[in-house]
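In listed order, ligands and their atoms are each counted from 1. In this chain, residues are counted from 1 in sequence order.
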Amino acid sequence: MPELCKRVGGFTDSVIRRMTRISDETPGSINLSQGFPDFDPPRIVLDALQEMSAGGPQHQYPITFGSENLRKCIADKYSPRLGRQIDPEKEVVVTCGGTEAMMAAMLSICNPGDKVIIFSPFYENYGADAILSGATPIYVPLVPPTYEFDPAVLEEAFRQGAKAIIVCNPSNPCGKVFTREELTFIEALAEQYDAFVVTDEVYEHIVFEPYVHTMAASLPGAYERTITCNSLSKTFSITGWRIGFVIAPYEVAECVKKVHDFLTIGAPGPLQEAICSAFTLGDAYYTELLASYTRKRTLFCQGLHEIGLPHSVPQGSYFVMVDISAFLEKEMFRGWTDLQFCEWMVKAVGVAAVPGSSFFAEPVNHLIRLHFARSEASLQEALGRLRKLKEYL
Ligand code: GLN
């Protein structure tokens, strides 16, 4: 067989998605690995989807950079948040999920050999995004337990000639919500060292009080160098629909449109039209979404605390990092990797998690990630199962 592409040899498959497959193969297991809800999208969205099943032009190719209706909904929602009029023709690109949004953004700005700053821990896609776009990551630690970065270390990374920085806000997996001051500092460095800021804001509506989500692109002077990537997956509980988007200045958006056109042509037409219904929901919907995730966070984190499993409490997103050091010190688990622990855990107690090592550039082996985007009954059941872990301590 001829040689396969070296680039793809540079990363593994997604461990998050691998854990979902392992969970699916384990009868009765509760999947707290890959983060997606087990509850339905809003009724209005399901009804709109049904309407789209009637005949019509929506079943053919949509405009490659997104249906007119959906781009208008996106521009209308984000113009006030960004404090400027977003042009739905020129500054919005609808993509196949946040995943394609990030990939298309990276392919639009990186030349082979460029350097890209990635905070560690990081959502595992960014490593592959960097490699596929020919860039080399420079990792800057977010230091637990507060997951703050050292400003001097960040500046040093920019000084090395970074072309861009990726900011996941709120952060997957550590749940950090970047403050306005932190984002202002990052944008100032990006300006000083002439770099792009690429944001991933898919958890923007899951930010717990008293924390507040700030769009980096809304900061004074930041819009021209900021590429905002987002998705409707988490906001409207439609992770299977694969609808994301990029908001960027005209010249950047033109480039993203080209990449997107040749990668996928477009996100599914009927789904783009159907999701427009969700934009009529207004603020009450987002308030209730947050209230629901706040209840889940309280239930899940209190449960972990009562069991005695040390864990992080996210400021935003629905991820919790659990410290498994106490297990790894036991004879039974000695020398195990966190991946081995997760593979064992799903079989032993029926709960799937993601090994923390898949999120860190540093050699971290003592953390696993769980998510709480589950019904309260399912979270109670998962906690009951996790309690059994104590028998191994
Ligand atoms: N962002 C979610 C996670 O980290 C889902 C990722 C995905 O598989 N697209 O689990």
Side-chain angles (χ1 to χ4, degrees), residues 11-24 29-39 41 95-106 118-129 132 142 147 166-177 198-207 213 229-246 263-264 267-268 271 289 293 296-297 300 312 314-322 338-339 342 346 351-360 364 367-374 378-379 382:
F11 53 91
T12 68
D13 64 322
S14 151
V15 181
I16 297 175
R17 267 86 77 188
R18 198 192 307 169
M19 285 312 304
T20 277
R21 289 195 295 279
I22 293 174
S23 177
D24 289 347
S29 86
I30 299 179
N31 185 2
L32 302 189
S33 61
Q34 187 182 22
F36 62 90
D38 66 351
F39 38 90
T95 57
C96 292
T99 299
E100 195 209 346
M102 288 294 299
M103 190 75 245
M106 290 285 286
I118 300 177
F119 287 112
S120 170
F122 59 97
Y123 174 45
E124 57 178 15
N125 281 35
Y126 308 152
D129 290 344
L132 286 172
L142 292 174
Y147 292 104
I166 297 177
V167 181
C168 183
N169 182 30
S171 286
N172 177 5
C174 66
K176 174 185 177 66
V177 174
V198 180
T199 69
D200 176 350
E201 307 187 30
V202 307
Y203 302 100
E204 64 171 330
H205 288 292
I206 310 175
V207 172
H213 181 254
C229 298
N230 209 325
S231 153
L232 305 181
S233 289
K234 275 72 183 188
T235 301
F236 299 121
S237 306
I238 50 159
T239 61
W241 287 33
R242 314 310 305 132
I243 301 189
F245 59 93
V246 173
L263 271 180
T264 61
L271 303 184
L289 182 79
Y293 274 117
K296 292 178 200 299
R297 181 182 71 152
F300 195 58
S312 63
Q315 300 170 348
S317 84
Y318 43 52
F319 299 111
V320 171
M321 301 296 271
V322 173
D338 54 358
L339 176 61
C342 288
V346 68
V351 177
V354 184
S357 57
S358 58
F359 303 103
F360 282 87
V364 165
L367 297 171
I368 61 172
R369 192 196 77 175
L370 296 167
H371 79 85
F372 53 82
R374 285 288 175 270
S378 179
L379 290 175

Colleague: Return the protein residues near ligand 1 (heavy atom under 4.0 Å from any of its atoms), ordered by chain and residue number.
Modeller: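 Protein residues near ligand 1 are Ile16, Arg17, Gln34, Gly35, Tyr123, Asn172, Tyr203, Lys234, Phe319, Arg369.
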
Colleague: Should the pair Tyr203 and Phe319 be assigned to parallel (<30°), tilted (30 to 60°) or perpendicular (>60°) ring geometry?
Modeller: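 Rings of Tyr203 and Phe319: perpendicular, over 60°.
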
Colleague: Checking Arg297 now: which residues fulfil salt bridge (Lys or Arg N to Asp or Glu O under 4.0 Å) with it, not counting sequence neighbours?
Modeller: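 Here no residue qualifies.
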
Colleague: Please walk me through it: do Ser357 and Asp338 pass side chain to side chain donor-acceptor pair (under 3.5 Å)?
Modeller: CA-CA 7 Å; Ser357 57; Asp338 54 358; 2.9 Å; yes

Colleague: Okay, side chain of His213, backbone of Val177: is any donor-acceptor separation there less than 3.5 Å?
Modeller: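 Side chain of His213 to backbone of Val177: no pair is present.
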
Colleague: Checking Ala373 now: which residues fulfil side-chain contact (heavy atoms from CB on, under 4.5 Å) with it, not counting sequence neighbours?
Modeller: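 Checked Ala373 against side-chain contact (heavy atoms from CB on, under 4.5 Å); matches are Tyr293, Tyr318, His371.
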
Colleague: Who pairs with His205 by ring-ring contact (aromatic ring centres under 6.0 Å, His included), at least two apart in sequence or on another chain?
Modeller: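 By the ring-ring contact (aromatic ring centres under 6.0 Å, His included) rule, His205 matches Tyr286.
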
